[in-house]
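Data block below; observations after.
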Amino acid sequence: MPTSPTPGRPTDALRVVLLVSRARAAARAGDLDGALRLLHETDDPALADHLDVLDLLARVHAQRGESVRAAEYWRRVQQQRPDDPAASAGLATIDRLGRRGPRAALARHRARTALAAAVCVVAAITACTVVLTDDAGGGPQRPAPSQADRAEQLAQRLDAEHRARQEQERARASARRADTVAALARDLRAPGIEAAVHGDSVEVTFTDGLFSEADRLTPVGAERLAVLGDRLAGRQADVEILGHTATVPGAPDSGGSVLSLWRALVAARELSAASGTPLTAFTTASADQRDAPYAGVARNRTVTVLITPA
């Protein structure tokens, strides 16, 4: 008497999907022996007697030309599900191929017939996908997808939808970031203070030199830094300050300098006082002489401030 399939635990269904997917991948890669080992290695009845496992065993044996073993597994499928379309189609194909020339000529050409039958079965049942049967119109009929096929298709669709959502979220986050940086640049601009967007950061430069000589601020320079510091107050951002020096005859033309580093430290002190931000929140460094923002000596007695919103 045929038995009815009993519902298993959710974990059993997942294990079946994983087992069938691994075995199907091996079969599609041409490793039929490996596919059989995977399918036979489980001693859990919930997996070994599952309809999708039995169906794939039948298909792999059919690809190997082992029609008797293929028929055996499809009959086991029918014991659980008498009207299973894949099992019915597979058995019908094996039976039809056996009734034609090969079986009739078995007594005279045993070896040739065995080979011909194997070739016919392999041709009829390929790549663990479609078994051809004659429908009423004489055309091929595709059996309904198995539970593992449906689960795999669902997993692939969900994965694709997840990747699409991630890409959309990254695009939205990038757009929000660009808007934030652009707004910051607008907020920081003031007379004598220029702010330009560079990727995820805003680069602030000053139209006039901030220092008269050495590391002494000019009155205008102190005012510019006070304005910038006031506009930075309360903002969560990483602030890097690069000090500059003009290239003068006899001095190194690259590698930075102690003077440019001192200028960066002085600017950090002014910005800290004006913004109320701890001095430790600022990063200071000497810019290379070759990176001086201007051509003139006086204007290069300055700093560049790079601000990256957190």
Side-chain angles (χ1 to χ4, degrees), residues 170-171 173-310:
R170 281 193 292 268
S174 179
R176 289 194 298 268
R177 182 76 174 178
D179 290 342
T180 298
V181 174
L184 176 61
R186 289 193 299 270
D187 291 345
L188 296 180
R189 292 185 186 115
I193 301 175
E194 297 180 344
V197 174
H198 287 278
D200 287 342
S201 303
V202 175
E203 184 181 69
V204 174
T205 56
F206 302 89
T207 57
D208 302 300
L210 302 182
F211 301 87
S212 57
E213 57 181 277
D215 59 355
R216 289 193 292 273
L217 284 169
T218 65
V220 171
E223 180 184 349
R224 298 281 190 268
L225 290 171
V227 170
L228 178 61
D230 181 66
R231 298 192 177 194
L232 287 175
R235 297 182 186 271
Q236 297 296 317
D238 295 326
V239 182
E240 181 181 10
I241 305 170
L242 297 176
H244 296 282
T245 57
T247 301
V248 295
D253 59 0
S254 65
S257 70
V258 173
L259 176 57
S260 60
L261 179 58
W262 274 111
R263 286 174 175 171
L265 290 170
V266 170
R269 181 192 63 197
E270 297 297 312
L271 292 176
S272 173
S275 65
T277 304
L279 189 59
T280 53
F282 298 88
T283 301
T284 56
S286 169
D288 193 280
Q289 289 87 330
R290 292 172 296 188
D291 295 330
Y294 303 109
V297 173
R299 295 181 72 191
N300 281 327
R301 295 171 180 153
T302 187
V303 297
T304 297
V305 184
L306 192 66
I307 303 164
T308 306

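Every heavy atom of this structure was used, including side-chain atoms; hydrogens, water molecules and symmetry mates were not. From a predicted model like this one, the values you see are computed outputs, not experimental measurements.
- Atom OG1 of Thr207 is separated from atom CZ of Arg299 by 6.5 Å, given to the nearest 0.5 angstrom.
- Closest of all the heavy-atom pairs between Pro278 and Ser272 is C-OG, 3.7 Å.
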Derivation and outcome, side-chain contact (heavy atoms from CB on, under 4.5 Å), residues Leu271 and Thr277 | CA-CA 8 Å; Leu271 292 176; Thr277 304; over 6 Å; no
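- The backbone N or O of Ala214 sits nowhere less than 3.5 Å from a side-chain atom of Arg301 that would complete a donor-acceptor pair.
- A distance-only check finds a donor-acceptor pair linking the side chain of Ser286 to the backbone of Ser257 [under 3.5 Å].
- A donor-acceptor contact shorter than 3.5 Å links the side chain of Gln289 to the backbone of Gly256.
- Side-chain contact between Thr205 and Tyr294 is present, with heavy atoms from C-beta onward closer than 4.5 Å.
- Of the possible donor and acceptor atoms, one in the side chain of Thr180 sits under 3.5 Å from a partner among the backbone N and O of Arg176.
- Considering only heavy atoms from C-beta on, Pro309 comes within 4.5 Å of Arg177 through its side chain.
- Figure legend: Arg263 and Phe211 shown as a cation-pi pair, the cationic atom lying under 6.0 angstrom from the six-membered ring centre and within 45 degrees of its axis.
- Here the shortest heavy-atom pairing between Thr308 and Ser201 reads OG1-OG, 2.6 Å.
- When all heavy atoms of Asp215 and Val266 are compared, the closest pair comes out as O-CG2, 3.9 Å.
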Apply side-chain contact (heavy atoms from CB on, under 4.5 Å) to Ile307 and Val204, showing your working.
-> CA-CA 8 Å; Ile307 303 164; Val204 174; 3.9 Å; yes
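- To the nearest 0.5 Å, atom CG of residue Leu188 and atom CD of residue Glu203 are 12.5 Å apart.
- The shortest non-hydrogen separation linking Ala264 to Ile241 is CB-O, 3.7 Å.
- Val303 places a side-chain heavy atom less than 4.5 Å from the side chain of Leu210.
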Return all side-chain donor-acceptor pairs below 3.5 angstrom for residues 228-240, not counting sequence neighbours, or 'none' if the list is empty.
| residue | atom | partner | partner atom | Å |
| --- | --- | --- | --- | --- |
| Arg231 | NH1 | Asp187 | O | 3.0 |
| Arg231 | NH1 | Arg189 | O | 2.5 |
| Arg235 | NE | Arg231 | O | 2.7 |
| Arg235 | NH2 | Asp187 | OD2 | 3.1 |

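- Tested against His244, the residues Thr304, Asn300, Thr302 include a single side chain to side chain donor-acceptor pair (under 3.5 Å) partner, Thr304.
- When all heavy atoms are compared, the tightest approach of Ala190 to Val227 is CB-CG1, 4.1 Å.
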